[in-house]
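Here the structure comes first, spelled out in structure tokens, and everything after it is commentary.
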Amino acid sequence: MAEPIANHMPYAVETSIASASAERRARALGWVRVLRKEPQLWIGSLILVALIAGALLAPLSAPYDPLMPDYSVSLHAPSRAHLFGTDNLGRDQLSRILYGGRLSLFVGTCAVMIGMLIGVTLGLISGYKMGVLDSLIMRTMDGILAFPGLVLALSISFALGPSLRSVIIALAAVRVPGFARVVRGQMLALRNREYIEAAEALGARPVRIVLRHFLPNLVSIILVQVSLSAGSAIFTEASLSFLGFGVPPPQPDWGGMLHDGYVYLEINPWLSIIPGAFIFLAVLGFNFLGDGLRDTLDPQQRRRRGL
Amino acid sequence: MLRYIGRRLLLTIPILFVITVATFTLMSLVIGDPVLLILGPDSTADQATIDRLRQQLGVDRPLPVQYADWLRHVVTGDFGRSFRSPISVREAILARLPVTLELTVLALVVAIVIAVPLGIAAALRSGSGLDLGLSGIASISLSLPNFWLGILLIYVFALKLRVLPSAGYVGFAQSPVQNVKFMVLPTITLALALIGSLTRYTRAVMIEVLEQDYIRTARAKGLRATTVLRRHALANGLIPVITVVGLEVAGLFGGAVVTETIFSLPGVGTLLTDSVLGRDLPMVQGIVLFITVTVVLTSLVVDLLYALLDPRIRSLYG
């Protein structure tokens, strides 16, 4: 009995290695094919990688101190010394854009992560428990969704006072219902699968069923939601800042730069054009990534939704 | 139909409840202690005076009681009085409402007039260059920040070409021509994102309709393409588009806040941002509640309209 096993072992190991590398190659090729078929996916990723790299490398790549005024060059148009021009205090716009990206992207990402944690938890509870608790949670989500996102964010940051923390809380609260709804909807679709029934029949505890059997099947749909939410969160953050209710100075963020620069539209339009373009790119990047992910992960949706 | 209306109304009640609780809770977070807010930091009032004031204002009662009391006033349209000006919140909102209504309705009409034909065109030639181009533009326009677009429009049309005013408002009754001039740029600014989503949605719905059996039957029996489109496809395809209006109305109001601020339109949106700046609590509370309840009621009306036009929806609810 021992011999065949010994004989088979190397063979089995060999094929598993071979198939693993073949599989890896196929998967890599699959990704290349996906990227070619989904231009949105790679355009979105490319934009985001560039923006995130710019923000992370700001201390190395920024040519000037983003907060240091230099009145001798105030309100200059883009030139070789200042690629994006200067603002009314003579601060270098390129450096401010690079540092501003840190704040804008950080606030958006934080808000989405918090919104995701709360929203997914509520969705899991709602989708698993059903009944009264489900109705309670979902009607609350409906109520929050009825508020225009910007108006809700504005009221929350008004209630909590102007600070980085309150802006993040406000943006996170706006994102919660989206996650809860998506997760609950998908759980209802998964409920009657055999493996869920099997796990329940085996007497697995609810927490284990939800985390081990439901959650892994929700990852892709959550990923899409994260990407689309990040686009909306950055957009709302910029809107708040543009209206003057964002993260208080002195740290620059793109919406705040637009807010400050807008006053000088006639003298130096670049102060409005450039920060707005970066907000647009960030939102576009996340939306493209989200749409591309959805089309890749759920091809049936592709035709229905357009593009 | 009556049963459908009944069910739909029942669904609206908990949503309205959540909205009022959320608004009330948020604003009671701001107040902290309204008595101290009224007296100011340098007040030397003794504890007895403070307690008496508390009782007068009714803030010594538990929050649920205060909520019930507040709700009773709100239901009758009494939103309280502004901290900063002598008028009531309701008067202030009503005075600003016509501008916001004009802006949102104009944007909605413009969006429908532009987006529906584009969506149909893209669906009829789905997969073609035209379709790809339109869909691409639609999804880019969805990411375009409205405030940035507004600023760019002001720069080009008001500052460079000097053909349209950059900010301000003249009532339609005063001068229709001036009114239209002031509304052109804000309307474009607010309508653009809506055009994007409406085009996408119309396209998706039309593609689905065009694949239905009854369309194939109509084609097979030799009807002309235009007849198939007009009599069979559009009649069924455009009804679901109505629901988008219900879904987008919240975004429309949020967009109006930003748009009114850019173009200094004296609407409810600027009233909200001004009140937040002035920390005018009753005003903020009233406006937020007003906007959100309007959103809920609009989507209610849209849903009822949808059921009225499409018997299939009604039968779903039996």
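Every chain is numbered from 1 and lettered A, B, ... according to where its sequence line falls, protein lines coming before strand lines.
Exactly one of B/L26, B/L277, B/L272, B/L281 qualifies for a side chain to side chain contact (heavy atoms under 4.5 Å, CB included) with A/F158. That residue is B/L281.
Within the 4.5 angstrom heavy-atom criterion, atoms from both the backbone and the side chain of A/A277 approach chain B. No part of B/L252 comes within reach of chain A, as not one of its non-hydrogen atoms sits under 4.5 angstrom from that chain. Residue contact with chain A, scored on non-hydrogen atoms closer than 4.5 Å, involves the side chain of B/L152 exclusively. The contact between A/N287 and chain B is made entirely by side chain atoms (from C-beta outward), counting heavy-atom distances below 4.5 Å. Using a 4.5 Å cut-off between heavy atoms, A/F286 makes no contact with chain B at all. In this structure, chain B has heavy atoms under 4.5 Å from both the backbone and the side chain of A/F147. The contact between A/L160 and chain B is made entirely by side chain atoms (from C-beta outward), counting heavy-atom distances below 4.5 Å. If you measure heavy-atom distances from B/I291 to chain A, the contacts under 4.5 Å come from the side chain alone. Proximity to chain B involves both the backbone and the side chain of A/L284, based on heavy atoms less than 4.5 angstrom apart. For chain A, the nearby part of B/T261 is the side chain; its heavy atoms alone come within less than 4.5 Å. Heavy atoms of A/L243 lying under 4.5 Å from chain B belong exclusively to its side chain.
No other option in B/I154, B/V295, B/I151 has as many heavy-atom pairs under 4.5 Å with chain A as B/I151. Considering only heavy-atom pairs separated by less than 4.5 Å from chain A, the leading option among B/V258, B/T273, B/V296 is B/T273. In terms of non-hydrogen atom pairs under 4.5 Å with chain B, the most contact-rich of A/G143, A/P162, A/P148 is A/P148.
Put simply, OG1 on B/T292 and CD1 on A/I144 are 11.5 Å apart, with the number rounded to the nearest 0.5 Å. Distance CG/B/L16 to CZ/A/R139: 12.5 Å, rounded to 0.5 Å. Atom OG1 of A/T140 sits about 10.0 Å away from atom CD1 of B/I15, to the nearest 0.5 Å. Taking CG of A/D291 as the reference point, atom OG of B/S143 lies at 8.0 Å (rounded to 0.5 Å).
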| said: Applying side-chain contact (heavy atoms from CB on, under 4.5 Å) to A/F235 and B/F147, what does each step give before you reach the verdict? | reply: CA-CA 10 Å; A/F235 181 49; B/F147 46 90; 3.9 Å; yes
side-chain contact (heavy atoms from CB on, under 4.5 Å) between B/W148 and A/I279, worked out: CA-CA 9 Å; B/W148 191 49; A/I279 298 165; over 6 Å; no
**Report entry** B/V257 and A/V151: CA distance, side-chain angles, deciding distance, side-chain contact (heavy atoms from CB on, under 4.5 Å) verdict
**Finding:** CA-CA 8 Å; B/V257 174; A/V151 172; 4.2 Å; yes
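Shown here for B/P145 and A/G276, the closest heavy-atom pair between the two residues is CG-O, 4.4 Å. Across every non-hydrogen atom of B/Y155 and A/L265, the tightest pair is CE1-O, 3.7 Å. In this structure, B/V276 and A/F245 approach most closely via the heavy-atom pair CG1-CE2, 3.6 Å.
Heavy-atom neighbours of B/F157 CZ from other residues, nucleotides or ligands within 6.0 Å: at or below the threshold of 12. Heavy atoms from other residues, nucleotides or ligands lying under 6.0 Å from CH2 of B/W70 number more than 12.
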